[in-house]
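Values below: every heavy atom of this structure, side chains too, minus hydrogens, waters and symmetry copies. In the text below, chain A, chain B and the rest are named by the order of the sequence lines, each starting its count at 1.
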Amino acid sequence: MEYKLVPSICSYCGCGCGVLFEVMDGQLVGTMPLKSHPVSQGKLCIKGWNLHEHVISEERLQTPLLKTNGALQEASWDASIQTTAERFKKIIAEHGPDSVAVLASAKVTNEENYLIQKFTRAVLGTNNVDHCARL
Amino acid sequence: MKDTVKKWLEEKQVDMFLGYKMVHGHALPYCFQADRLDEVDDLVVSRERYSLEKMATHIAAVYPEMKIGMLARDCNQRALKVLDIWDQLKKDSVTTFNVNCCPSPLKNHGDCSYLEPSPVGPVKVELGIDNNMSVEHAEHLDQKERFAHWMYEFSKCIKCYGCRNICPVCFCKDCSLEHPELIRSGGALPTEVPLFHLVRAAHMAGRCIDCGLCEDACPMDIPLRLLYRKVGSSVSDLFGYRPGIDEGKSPFNLIGDAPTTEPRPI
Ligand code: SF4
Ligand code: SF4
């Protein structure tokens, strides 16, 4: 039997509330507020309270999905990145860089989000970048 | 305290001990075990209160034979009593190391961090309910005004379910607060006021041990504790039962020999 409470930060939005993950035998079983956290002071919204659910959800995507012949199909990372790069290049060549946009995510780290906006601005050449957590 | 806990673990009086340990400046609930006995040196009594007994029920649900030790303040002890009555965590499987309520330099007993009331702001005094109000005081407000003030408080609810999730004595598998015919499911907001809060209040009758964790966890600062205190005082007046304090079954989990749907005199 192993039972741990692991402090972390909620990944749903930009507030950065403190959470405690309840881990039993290596399995994430629950989330509760971190009482002494300076931002959230022991309070959470409904999404924070249920953080563990998307991690253990059976519906969680584990591979990228590529739309092939009109339907989403599982694909490898290499194939997905390749296809995305080709489509970006084609669209930008035809319609200019402002015809594409990039949506970043709260589920990745700050540093990764920094890279996403840098890539969008410096490589793709557009300011069309936004984030799901811009509440 | 540390020596006792070490001894309990060594002598297998308990298989694990739930206490607190400082991690990155935060006192976190921590599970101490015999194979890592040295760690008991880091055991602390934290000012923050977590429902260690709720964690214990989660562990006991998977490992029913586990002998659990835990640090217990007054509120933890009251919750343990209720959990035992409702067959969620048997008394015999838990050994408590009793400590004073939250430590403070001013008082050495009964001074949990939550019991030091924090003053409420002018808007709340004007429109809502002062969280520190006594049940008696609340009852003597003008009825119309009282209703308006409570509705103001309830309508702030963001339906986070935090009050239910954190409550040490909330354990039902099917929760009425998720019943589609009572409360719209999903993220539908605003929630049904005052139904959401009254359903929860009714279900806390004979169970709420007045630990205050719900109000502590409420992001909208709704005076939940006062509401449940009122429910608790009704139960105490009618049945002479105070959850977590009085011994024996709660009037709500006594079933007569022959179940009946006939109304009975109280
Ligand atoms: S005070 Fe709140 S959290 Fe504590 S037992 Fe009562 S309803 Fe549950
Ligand atoms: S904790 Fe407060 S805001 Fe959240 S559901 Fe309960 S009453 Fe509503």
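Looking at L28(B), the atoms closer than 4.5 Å to chain A (heavy atoms on both sides) all sit in the side chain, from C-beta outward. For M55(B), the parts lying under 4.5 angstrom from a heavy atom of chain A are both the backbone and the side chain. Heavy-atom distances place no part of N50(A) under 4.5 Å from chain B, backbone and side chain included. Contacts between L18(B) and chain A at a heavy-atom distance below 4.5 Å involve the side chain alone, from C-beta outward. Within the 4.5 angstrom heavy-atom criterion, only side-chain atoms of M32(A), from C-beta onward, approach chain B.
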**OP:** For M1(A) and Q33(B), run side chain to side chain contact (heavy atoms under 4.5 Å, CB included): C-alpha distance rounded to whole Å, both residues' side-chain angles, the deciding distance at 0.1 Å, then the answer.
**Re:** CA-CA 10 Å; M1(A) 210 294 300; Q33(B) 280 173 308; 3.8 Å; yes
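Annotation: side chain of Y63(B) is in contact with side chain of M24(A) (closest heavy-atom distance under 4.5 Å). Contact check for L20(A) versus Y50(B): side-chain heavy atoms found under the 4.5 Å cut-off. Looking at heavy atoms from C-beta onward, I46(A) lies out of side-chain contact with K159(B) at the 4.5 angstrom threshold. You'll find the side chain of K35(A) reaches within 4.5 Å of the side chain of I166(B), heavy atoms only.
The environment of K90(B) atom NZ is dense: over 12 non-hydrogen atoms of other residues, nucleotides or ligands sit within 6.0 angstrom. Environment of CG in N98(B): crowded, with over 12 heavy atoms of neighbouring residues, nucleotides or ligands closer than 6.0 Å. Remark: E94(A) CD is packed, more than 12 non-hydrogen atoms of other residues, nucleotides or ligands lying under 6.0 Å away. Within a 6.0 Å radius of NZ in K2(B), other residues, nucleotides and ligands contribute more than 12 heavy atoms. Sparse packing is recorded around OH of Y114(A), with 12 or fewer heavy atoms of other residues, nucleotides or ligands lying under 6.0 Å away. Heavy atoms from other residues, nucleotides or ligands lying under 6.0 Å from CG of N69(A) number 12 at most. When the shell of 6.0 Å around NZ of K124(B) is examined, it contains more than 12 heavy atoms from other residues, nucleotides or ligands.
Heavy atoms only, all atoms of each residue included: S36(A) and A27(B) are closest at OG-N, 4.5 Å.
Within the 3.5 Å criterion, the main-chain N or O of D216(B) finds no donor-acceptor partner in the side chain of Q41(A).
With chain A as partner, the option from I59(B), I158(B), V23(B), D15(B) having the largest number of non-hydrogen pairs under 4.5 angstrom is I59(B).
Atom CG in L5(A) sits 12.0 Å away from atom NZ in K21(B) (nearest 0.5 Å). Note that the CE atom of M66(B) and the OH atom of Y3(A) stand 11.5 Å from one another [nearest 0.5 Å]. In this structure, the separation between SG on C218(B) and NZ on K43(A) is 7.0 Å, given to the nearest 0.5 Å.
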